[in-house]
Chemist: 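Before I ask anything, let me first share the structure, which is written out below as structure tokens.
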Number of protein chains: 2
Amino acid sequence: MADGAKNQAGSSQARTGQARIPKEPAEPASETQAVQLGELSDLLGYVLKRAQLKVFEDFLSCVAPLQLTPAQFSVLLLLDNNPGRNQTEIANTLGILRPNFVSLLDSLESRGLCTRVRSPHDRRSHILVLTEKGRGVLARAKKLVVSKHESRLNELLGSDGRETLLSMLTKIAREF
Amino acid sequence: MADGAKNQAGSSQARTGQARIPKEPAEPASETQAVQLGELSDLLGYVLKRAQLKVFEDFLSCVAPLQLTPAQFSVLLLLDNNPGRNQTEIANTLGILRPNFVSLLDSLESRGLCTRVRSPHDRRSHILVLTEKGRGVLARAKKLVVSKHESRLNELLGSDGRETLLSMLTKIAREF
DNA sequence: GATGTTTGATATGATGGATAACAATTATCA
DNA sequence: TGATAATTGTTATCCATCATATCAAACATC
């Protein structure tokens, strides 16, 4: 499918002395005749990926003041809802491989948002614990997500549209 | 959101002499009590990403005999629908940055699926041309996608469900 | 107690995405 | 026309994500 987006940000205008404003394409209509997506616009995977990038991008900007990535946010959320779990359990439910989960946790722990505690029952495993600060950050993040991110989606799709979308995506994620 | 999936493939069963079959968890119910996703299952971004990974995974396996990634497939499709375009135009419409598009094209060209032709009007740019072989591969890929990939989605969502999903995702991709 | 498994961790490689810079070419306009 | 700027494809490079193999410590099983 090819994806990416999020780029094409810079102004690209010459910045040497007095600006020149040579063409001013007004729109992304750089191409005289727009390239046709054709069958691509009916390919679910393609549209799915483009939508996902957009949603992540918006999520990131909404939670920007808290400096949380989607992955970090989901970990905090999971820790809050599942006290007493170890790294393997949390990583597995998020589809993160244990080796890759280590550095993710390192960053959260170094920011004082969670802690690794040796389990008394199994001294191999680390119980993951949300700190006070972590709970606070999570609470603020949730508010931002609801008030800015999800509300915008509601606005675009309608509350029932959003429900429909969610259930279809859940079905794909589970049964496909 | 955290994502990944696609992993957890290996058997993990001991393979030393006669197998032992120690526990046989029967299901991925490794955790005595399943970890609760909680609010995560209502986060559109999270579900969106999980669904996207599933769809890409299936796409990849359906088109496996032709050795085409989603990105490569979308390029071939676009070239077929838009003859006479150069690298920048194709890359832009797919949201691929020009530098990253180079190696993608290299691989397609080295497999004889497309060619770079110097434009007579602008000797800087390369017109991208589908070869005969490229057209053949694309045709077969399309058939596989329709008969195996998209048909499975239709089966899961229903033809109208698929339409609904597509239009909502398109709306997000465009207007969000 | 010997053997194998699990847990967290490290090292490492593959891949995707992003930026800077460059030569060749073209466009602009003074 | 000639100087200056912009565009095109490319290379190099960096960063993040993803994936595999391996390891020591701790546990489980028999």
Side-chain angles (χ1 to χ4, degrees), chain A residues 1-25 30 49 53 56-57 60 69-72 85-92 94-107 109 116-128, chain B residues 1-10 12-23 25 30-31 49 53 56-57 69-72 85-92 94-107 109 116-128:
Chain A
M1 272 99 191
D3 347 85
K6 186 215 285 198
N7 34 314
Q8 284 97 343
S11 79
S12 90
Q13 215 78 290
R15 285 272 158 272
T16 335
Q18 289 75 6
R20 292 222 13 254
I21 313 175
K23 272 184 174 174
E24 185 64 53
S30 268
K49 177 100 188 198
L53 288 174
F56 264 49
E57 191 184 348
L60 218 49
T69 69
Q72 292 171 329
R85 300 296 189 155
N86 64 23
Q87 296 186 199
T88 303
E89 291 171 318
I90 298 297
N92 277 343
L94 289 177
I96 302 176
L97 295 173
R98 267 103 53 212
N100 299 330
F101 194 49
V102 173
S103 65
L104 206 175
L105 268 188
D106 285 347
S107 73
E109 198 173 17
R116 294 181 237 225
V117 181
R118 285 233 107 85
S119 164
H121 308 82
D122 186 341
R123 291 184 9 226
R124 289 170 299 183
S125 62
H126 292 166
I127 301 299
L128 299 180
Chain B
M1 274 95 191
D3 347 88
K6 188 213 285 199
N7 33 314
Q8 284 98 342
S12 89
Q13 215 77 291
R15 284 274 158 269
T16 335
Q18 290 75 5
R20 288 220 16 251
I21 313 176
K23 272 182 176 175
S30 269
E31 292 90 32
K49 177 99 190 200
L53 288 174
F56 264 47
E57 191 184 349
T69 67
Q72 292 171 330
R85 300 297 189 154
N86 64 22
Q87 298 186 196
T88 304
E89 290 171 319
I90 299 296
N92 277 344
L94 289 178
I96 301 175
L97 295 175
R98 268 102 52 211
N100 299 330
F101 195 48
V102 173
S103 65
L104 206 175
L105 268 189
D106 285 347
S107 74
E109 199 173 19
R116 295 180 235 224
V117 181
R118 285 233 106 86
S119 165
H121 308 83
D122 186 341
R123 291 186 8 230
R124 290 170 299 182
S125 62
H126 293 165
I127 302 299
L128 298 180

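Values below: every heavy atom of this structure, side chains too, minus hydrogens, waters and symmetry copies.
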Chemist: Can you measure B:I96 atom CD1 to C:dG16 atom P for me and round it to whole angstrom units?
Modeler: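 Distance check: B:I96 CD1 to C:dG16 P gives 10 Å.
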Chemist: Expressed as a whole number of angstroms, how long is the span from B:N92:CG to D:dT7:C1'?
Modeler: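 Between C1' of D:dT7 and CG of B:N92: 12 Å.
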Chemist: Please state how far atom CG in A:L97 lies from atom P in C:dA11, giving the value in whole angstrom units.
Modeler: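 Going from A:L97 (CG) to C:dA11 (P), I get 18 Å.
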Chemist: Give the rounded distance in Å between these two atoms: CD1 of B:I90 and C1' of D:dT8.
Modeler: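 After rounding, the gap between these two atoms is 15 Å.
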Chemist: Base of C:dT25, side chain of B:R123 - is there a donor-acceptor contact under 3.5 Å?
Modeler: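 In this structure, the two groups form no donor-acceptor pair.
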Chemist: Between D:dA26, D:dT8, D:dT20, which nucleotide gets closest to the side-chain atoms of B:R124?
Modeler: D:dT8
Chemist: Atom CG in A:N86, atom CG in A:D122: separation rounded to 0.5 Å?
Modeler: 8.0 Å
Chemist: Taking NE2 from A:H126 and P from D:dA26, how many angstroms apart are they, rounded to a whole number?
Modeler: 10 Å
Chemist: Consider the side chain of A:R116, meaning its heavy atoms from C-beta on, and name the nucleotide among C:dA9, C:dT7, D:dT10 that approaches it most closely.
Modeler: C:dA9
Chemist: Which one, D:dT10, C:dG8, C:dT6, comes nearest to the side chain of B:R98?
Modeler: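 My answer, after comparing the listed nucleotides, is D:dT10.
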Chemist: Rounded off to whole Å, could you give me the CZ-to-P distance for the B:F56 and C:dT15 pair?
Modeler: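 Rounded to the whole Å, the gap is 16 Å.
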Chemist: Of A:N100 and A:R118, whose nearest nucleotide on DNA chain D comes first from the 5' end?
Modeler: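 Checking each residue's closest nucleotide, the 5'-ward one belongs to A:N100.
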Chemist: Given atom CG of A:L60 and atom P of C:dG17, what is their separation to the nearest angstrom?
Modeler: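 Result: 16 Å.
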Chemist: Can you work out whether A:S125 or A:D106 has the more 5'-proximal nearest nucleotide on DNA chain C?
Modeler: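 Checking each residue's closest nucleotide, the 5'-ward one belongs to A:S125.
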Chemist: Whole angstrom is fine here: how far is it from CD in B:Q87 over to C1' in D:dT10?
Modeler: 9 Å
Chemist: Once you round to the nearest 0.5 Å, how far does OG1 of A:T88 lie from CZ of A:R124?
Modeler: 9.5 Å
Chemist: Taking it one step at a time, do A:Q87 and A:L128 satisfy side chain to side chain contact (heavy atoms under 4.5 Å, CB included)?
Modeler: CA-CA 7 Å; A:Q87 296 186 199; A:L128 299 180; 3.9 Å; yes
Chemist: Working to the nearest 0.5 angstrom, can you tell me the gap between B:L53 CG and A:K49 NZ?
Modeler: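 Reported value, rounded in 0.5 Å steps: 7.5 Å.
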Chemist: State the CD-CG distance between B:E109 and B:L104, to the nearest 0.5 angstrom.
Modeler: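 Nearest 0.5 Å value for the CD-CG distance: 12.0 Å.
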Chemist: Of the nucleotides C:dT25, C:dG8, C:dT10, which one has an atom closest to the side chain of B:D122?
Modeler: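 In terms of side-chain proximity for B:D122, the closest of C:dT25, C:dG8, C:dT10 is C:dT25.
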